[in-house]
Each structure stands twice: as structure tokens, then as C-alpha cells.
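First the proteins, then the strands, lettered A, B, ... as listed; each starts at 1.
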There are 4 protein chains.
Amino acid sequence: MTHDVKAQVTDEALVQRRRAQIVAAAVELFSHQGFYRTTMQDVAKKAGVSAGLIYQYVTDKEDVLLLVLLSVLDSYKQEIPAAISGLTDPLERFWAAISAYCRVVDQRREATVLAYRSTKSLPDDRRELIKRSEIETNGMIAACLKDCIKAGLMREVNVELVTYQLVTFAHSWALKHWRLKELCDLDQYVAEGFDFFAQALLTPKGRRHQAKIQGAADNAP
Amino acid sequence: MTHDVKAQVTDEALVQRRRAQIVAAAVELFSHQGFYRTTMQDVAKKAGVSAGLIYQYVTDKEDVLLLVLLSVLDSYKQEIPAAISGLTDPLERFWAAISAYCRVVDQRREATVLAYRSTKSLPDDRRELIKRSEIETNGMIAACLKDCIKAGLMREVNVELVTYQLVTFAHSWALKHWRLKELCDLDQYVAEGFDFFAQALLTPKGRRHQAKIQGAADNAP
Amino acid sequence: MTHDVKAQVTDEALVQRRRAQIVAAAVELFSHQGFYRTTMQDVAKKAGVSAGLIYQYVTDKEDVLLLVLLSVLDSYKQEIPAAISGLTDPLERFWAAISAYCRVVDQRREATVLAYRSTKSLPDDRRELIKRSEIETNGMIAACLKDCIKAGLMREVNVELVTYQLVTFAHSWALKHWRLKELCDLDQYVAEGFDFFAQALLTPKGRRHQAKIQGAADNAP
Amino acid sequence: MTHDVKAQVTDEALVQRRRAQIVAAAVELFSHQGFYRTTMQDVAKKAGVSAGLIYQYVTDKEDVLLLVLLSVLDSYKQEIPAAISGLTDPLERFWAAISAYCRVVDQRREATVLAYRSTKSLPDDRRELIKRSEIETNGMIAACLKDCIKAGLMREVNVELVTYQLVTFAHSWALKHWRLKELCDLDQYVAEGFDFFAQALLTPKGRRHQAKIQGAADNAP
DNA sequence: CATGAATGAGCATTCATTCAT
DNA sequence: AATGAATGAATGCTCATTCAT
């Protein structure tokens, strides 16, 4: 976890704990009311600390936002590797990654929307941190995609562009949730996405392999 | 297009002109600095009017935002029908619509990003206006998609979900422009998108039809 | 009617008419919403003229207030003499004057309250005008009082102080109307006042005279 | 006395002190310049605090006005009972109450005028508070009056109406001070009032009793 | 380490007044 | 004479940040 945000407190464990407290409060408030409508007093109250305390763990209100956004991106960076860790089959890994992504987005739906709303509110240097982190996460998806292509299971598409399609598909569940939730639930959304991307990406060989996986999965309990 | 935002000035033509002036200034400022960091004085100065003047054409700062967002959505609602108006072939209409959408997004890239950032800053009732307008625009894309399906050129997919994929694809050009612009230009982006969606959606019959269109287009000057 | 308020318009009849229009609108608005809460645009609208027009008949917003307050005091100066004009008996004139005062206050209740609220909002020189006018009105009451004393009908009291008691009694009907209206109606209020002041002021001779008048009045239709 | 105005600061003693500071500054400014002409910056500067500070002890500018008006009414509610506390004779209590009322009005002359000017500037609910408080104060005067009547010392008059006469008499010292101060000083004003109300209210028995009291007082050092 | 009272710059909004038409 | 659009100074209120305790 890399934030070069400097704290004035030395006890590292305490810093961790306090920041977690602050971020937890801020995520909720920023998500619901937006960054600008949330006051530091709001954050302090919800975090159960005094307003002054926050400034011992953070330099700025913008720093709080940075911490919040990094915490969202961190969930991605933890959940996706976890979801594919046991798997070896490229196609299985691919679908598992997408599925994990969608599920994290669903769990942190409001924070995801927040990221779209508020990243621009950060000063340039801190925004760079976020972008770098996003590229990193995309890298994990891209890697899965590449493996599928290398294995001849998917077409030779522009990897980074398609990665954006996949990532955007996941994000949309949060961004357009106000409408999508009336059309389907998360599982259906993911299923429709699988179908769509399968059509778009799989080679004939990929299709056969897919059928095999599917069959195996269907026969499972 | 009609915004029920009420002006205190009676001369309708003047209202149109002044609002256009204000919106033009606001789009630029909101896009660059964000809604909250932009002061009404900023808007007034950039629009070349006094601060007080604005309040004769708008009730609120939020009203300015509403006007700005509606102006973006209005571009969609004008450009897309214009792009497909002469065409009769369902597939041609479909690609033309997508292409037009991408091009409007490109022209109003910053305003599109602004829409994602700031719609939540509106009070509920005004946000509804925006949502309704978005659904309307989506309807135009969905109609093209349905026609292709009805003609047997595309698979029987969930129309609204796929519409969101298409729309999101266009929006992404603005939202992720910071990265995408390093990977390709707009034409390439659109071309890649066509390829991807063609794969995902076309039936065998659709593919043959597509080839024919494509051939014709290739032989053109 | 003496306001040295200067108009920019020469046609004297028009000036009268316009000012009456403006004052009528202002009395109502100032009375209900107060001077500061009423905008010149409000006054213009209610008067059915444009905002700019007002400034051709008045130099200031404060000027409008002055005109309004003078109009109230003018009603006093007209109604009271009218009420006592036919009468010769000092006691009858006295009661008639008080009664008339109360009735004018009742008719212009809100304007009377306005005078108490807003006279201090005037710049010193214009406030002097008002004070002078008030003293003038008081003079009419004081004269009636003096006549009664001179005729031996009332005690040798401090005339000006008692005049203030009388005037204040009339004003209170407006100032405390929110409470008094629940205790009695105007006629009862006046009757109670007569009784009270009679006790306080009449000499034995005055009392006998009063009984005679009363008796005559009671036997009247 | 309790104003349900809520402070954001918890230390109750501090709240008391700060509010007193603010009210003291506001009374002076509001009295001289009026409520609307006084800015919160004015109040802050005169109170020797920052503008923001005030809003931790008050919700509104109107709240400051409410606090100011309540502080005036509170003086009445404290001074009058104090003035009559040692006395048992109904007539002595009555005159002591009136005298105390006049003296409080004299001490807080400008604030009294302010009350007449500005009560209407309060929103309805807060104005109700003021009215209730006024009725309470009147109740103290009315009680003295009733006791005199019950003891056969005064006539059977309409208690509440006469109470208003008495209260108004006290208030007039402030409201018409610009003129009255040229006619007499406070003691003379009170003495003239006593004479007037004695004539108006005392029964023969009351008159004898009054003479006795008076005699005793005259023989006192 | 923690508190929370205090600061004061910053901003949306209003409105008396002007002036071109 | 009359209009009403335009002005811009003025003001109530907020809130990130500090600092004495």
C-alpha cells in the first residue's frame, strides 16, 4: 500500500488504525454526499474523532480523498488476484477475473462512482497516483486476456483497448446502477457479459474449450 | 429543447442568447476546474457579463450546471438522428449511429466527463431530467440495434444491456482519454469498436451483409 | 402636503398621480413585509410600473418610505379635524377627536405599525419631518384637552403628557392588535378608554356635564 | 431564562459567556443602526470575536435578534419581581411594579425601542416566543392590579386592557423619549403617571389608603 | 496524542440604482 | 415619459485549518 502521505504521528500501527477509521467514515460520506458537500467536521464526527485529530494523519482534505480512492483501488488489487489464484486454465482465469472485478464493483458500488466523480478533484500529482494504480489493475485483466490469446483461445485483438471494454463493463454496473438494477441482478449482468465477450473474443478453438469448461461446470453440484 | 428553468427576462430571443453565453462559459470552466471550484464570478467574467446578470436567466448555480448538462445531451439528440437520417440499411444506420455518438463525445469530451462527475451534484428533481434525457438518447441507439436484430442481421441479445455497452464504449473515449489517446486516435478507436461489436453481435447472415457493405465502401473513392 | 421630495417630471398632476400609485403599493408591501424586505422591484410590480419609473418621482428607496409615512400622518391630520368640525361643546369635541383618532388607526392599522417600525430607518433630516408632523397632530388633541380644562371640565393636568397618553392609547390598538383583538372590538376598546380617561380627567363639573351629554346621546335614536 | 437556540459548542458556561458578549454588541448596534443596517461583521467586530465564531452560538442573524429581544424581556422579568418582593401592601406593590417597569425601560431604552421596531423581523415561530414572554410580563402587572381591586382599593376595571395602558405608559418613555425628555425627567414622568392612574383607578377607600401610605412616605427620612 | 474552540478567507446571492432605447 | 436589462457592491454564512490546552 503506497501512499507517501505523511503522518505527524510516529506509531505506525496507530497510523494504520486511525487512517482506516478516517477512510471508512470518508468513503461513506463522500459516496453519499460527494466530496465537496462533505465537511471535515462530518468526517471527524462519523469517524468518532475530533476535527483536529485528522490533521495529524493527513495533510489535506484532498489527502483524505486520495486515501479513499486508493482504498477502492486496493480492493481491486486484492480481490482479483485472490479470485484467480487457484486456477490454471487461461479461460477460467479470465472469467474468474472479470467476475471478481464485477463483484468488487458491486460491493463498493458507491465508492466506484465516487472515483469517477472525484478523481479530477485531486491535484495533478496525486491524480497520477490514482492513474498508475488503475493501470496496474488493468494490467491484471490484460494479462489474463493475453494468456487466452497466446493459448489460441481468443482472437488477436488490441489487448489494451479490449481491456478497457472489460473494465468499463464492470464499472458500468456501478455507474448505471440506477437503471441496470431494474433490468437484471448482478449474476445476470455478469452472465450476459460473458456471453457477449465470448462471442466477441473466442476463436473456434476457444469456443470448443469453453464448451468443455461449461459442461464440466454444469455437471458440478 | 426545453428546460423549464425560468428566466426573469421576458424577451425570449435574449434569453436564448444570454443562456448560450452563460452555458458556453460554464462548460469550459466546470470542465477544467470542476463545478465546485468554479465561482459564479468566474462564469460571469468568462461570459463577459456581470455576476448579477446571470441570476436573471438562472435561479441557481445548480441551474447553470443543469443547463450545461442538458446542452451536452442535446448535442447527442441532434447529431445522432442527423447522422442516420439519409440511411435505410439497418446495419449502415447502426454503425452510423455509433460513429456519430463517438464523434459527439470526442467534440464535447470535457463536457462528457463533466456529466459523469457532476450529475450527482444536482438535486434529485433536476437529476431526473438528466436521466430521462439519457434514456431518450439510449433509445435511439437501441432502436438501431433492434432493427438489425429484426432483420436477422444480429443475434437476439438483451437490447438494453447491449445498448449500455455501446454507449459506454463511446463515453469511454472521453472518460479514459488520458490513456486512450496514447493508444490510438478516434478513427482507430471507432474501427476497433466496430470490429469488436461486429464479432459480438452479427449473425452469419449479418456477416455476409456486412461484407457486402464493406466491399461497396472500400470500392468507393 | 409638504414633501420637498423632488421629482424629475414637470407635469404636477402626473407627479401626484404617480406618487399616489407608488405610495399605495408601498404601504401595502412595507406593512406586510417590512421596509427592508420589500424590494423596489416589488413596489414597481405592485404599482404596475417599471422599476426605473419610480426613480423619476423619488430619489431614494428611503424617499418612498418618507412618502408612505407622511401619507399615514396626513390621514390623521385630515380625519381628526373632520370629525370635530361640526361640534362646539369642548367635551364632545374631545371625545370625538379621540374616537376619530382610534378609528383612523384602525383603518390604517398596518401603516401605523409601520410608522413605529420604520421611522428610525429614515435619515435624520427626513425623520425630523415625521416628528414635526406627529407633534402637529398631537397639537390637535392637546387643543381639545386644553379647551376642556379651560372650561373647568377637566383637571389641570400636564397637557402634553396626557396628550401622549391619549395618543398612545389610540396607537396601542394597532401595536397590540394581535392581543387586543381577542379581548374586545374597536367600539368596546374606545368605550373602555372613554371610561378610563373620564375617571382620570374629569372634574366634578365635568362629570355632571358628561352625564348630560351622555343622557342626550342615550335618548337619541 | 431559556432560549432553545442551539449552540454547537458544548461547554455550557462558555456558551453563556459568548452569547452575552454577542448580545451586548448586538443590542448596541441594532439599537443605533437598526437590525438590517447592522452586519454580522459589525457585531463580530464589536464583540471582539471573528465572524465565524458567532455561528457556533447562533444559527442565524435572526437568532441574534431573538436573543437580544429575549434579553430585554428577561430584564423585565427579573427587575419587577425584585422590586416588589419585600412589599405586602397591594397598593405599594402596584406602584413599585409600575415604577420598576419604568426604570427598566429607562435603563434599556434603546433596546425597548428596538423591540418595537424589530419584533416583526422575526420569523413567526420565534415571534411567538416574544409574544409569550410579553404576556408573561404583563401578567405580573395584571396580578398587582387584581390584588388592588380585590382589596377594594381600585375600581372593577377590565384588567387586561388597563394593564396594557400601564405597560404602554412605561414603554412610551422609551418610544417618545425624543420628545418627553424635553418635558420632564423620569421621576417626574413616573410621578405624573401615578397621579393620572390614581385618579383613574382608585376607589374612595383606595384614596384614603393611598393618602396614608403617602403620608408615611412623606414623613420618612 | 487528542481535543474542539476559534479563525477568516471565500462564495452564492440580492437588490438599489442607472441608462440605452 | 417609460421601460427593463444590466450592473456590481454588499452581506450572510460556511468550512478547512490551526493551536492553546
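Computed from coordinates, the A:D60 CG to F:dC15 C1' distance equals 14 Å when rounded to whole Å. Note: CG (D:D63) to P (F:dG12) measures 14 Å, nearest angstrom. The interatomic distance linking B:D42 (CG) with E:dG10 (C1') rounds to 12 Å, in whole Å. Rounded to whole Å, atom C1' of E:dT3 lies 13 Å from atom CG of D:D11. For the pair D:I54 CD1 and F:dT14 P, the computed distance is 13 Å after rounding to whole Å. We find that CD of D:Q21 is positioned 15 Å from P of E:dA5, with the value rounded to whole Å. As rounded to whole Å, 12 Å separates atom P of E:dC11 from atom NZ of B:K45. Atom NZ in D:K61 sits roughly 16 Å away from atom P in E:dT14 (whole-Å rounding).
In this structure, C:R17 has no salt bridge (Lys or Arg N to Asp or Glu O under 4.0 Å) partners at least two apart in sequence or on a different chain.
Candidate nucleotides E:dA5, F:dT3, F:dA6 were compared by shortest atom distance to the side chain of D:V9, and E:dA5 ranks first. For B:V49, counting side-chain heavy atoms from C-beta on, the closest listed nucleotide (F:dA1, E:dC1, F:dT7) is F:dT7.
Among the protein residues, B:Q41 comes within range of the nucleic acid bases, having at least one heavy atom under 4.0 Å from a base atom. Across all strands shown, D:Q56 has heavy atoms under 4.0 Å from base atoms, whether or not it also approaches the sugar-phosphate. If you check every strand for non-hydrogen atoms under 4.0 Å, D:L14 touches sugar and phosphate atoms only.
Listed pair B:R18 / F:dA5 fails the phosphate criterion, with no side-chain N or O lying under 4.0 Å from OP1 or OP2. Phosphate proximity of E:dA5 to D:T10: present, with a side-chain N or O under 4.0 Å from OP1 or OP2. The side chain of C:S50 contributes no N or O atom lying less than 4.0 Å from OP1 or OP2 of F:dA5.
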- Task: Walk me through it: do B:V23 and B:V64 pass the test side-chain contact (heavy atoms from CB on, under 4.5 Å)?
- Result: CA-CA 7 Å; B:V23 167; B:V64 177; 5.8 Å; no

- What do the steps show when you test B:I22 against B:L67 for side-chain contact (heavy atoms from CB on, under 4.5 Å), and what is the final call? CA-CA 9 Å; B:I22 294 164; B:L67 248 24; 6.0 Å; no

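With salt bridges taken as basic N to acidic carboxylate O contacts below 4.0 Å, one links C:R127 and C:D124.
Atom CD1 of B:I130 sits about 11.0 Å away from atom CG of B:D125, to the nearest 0.5 Å.
Put simply, the residue from C:L53, C:V9, C:I54, C:D11 that forms a side chain to side chain contact (heavy atoms under 4.5 Å, CB included) with C:R18 is C:L53.
A donor-acceptor contact shorter than 3.5 Å is absent between the side chain of A:E62 and the backbone of A:L122.
Residue whose closest nucleotide on DNA chain F sits further toward the 5' end, between C:A51 and D:Y55: C:A51. Place C:G52 and D:G48 on DNA chain E by their nearest nucleotides, and D:G48 ends up nearer the 5' end. Between B:L53 and D:L53, the residue anchored nearer the 5' end of DNA chain E, judged by the nucleotide with its closest heavy atom, is D:L53.
For the 3.5 Å distance criterion, the side chains of D:T38 and D:D42 fail to qualify, holding no donor opposite an acceptor.
A:K120 forms no cation-pi arrangement with B:Y116, by the criterion of a distance under 6.0 Å to the ring centre and an angle within 45° of the ring axis.
For the contact set between residues 22-40 of chain C and DNA chain E, defined by any heavy atom under 4.0 Å, the members are C:T38, C:T39, C:M40.
As rounded to the nearest Å, E:dC1 and F:dT21 have C1' atoms that lie 13 Å from one another.
In this structure, the side chains of D:R126 and D:L69 stay at 4.5 Å or more apart for every pair of heavy atoms.
Base-pairing analysis of DNA chain E finds the following stems of at least three consecutive Watson-Crick or G-U pairs, with both pairing distances under 3.5 Å: E:2-21 with F:2-21.
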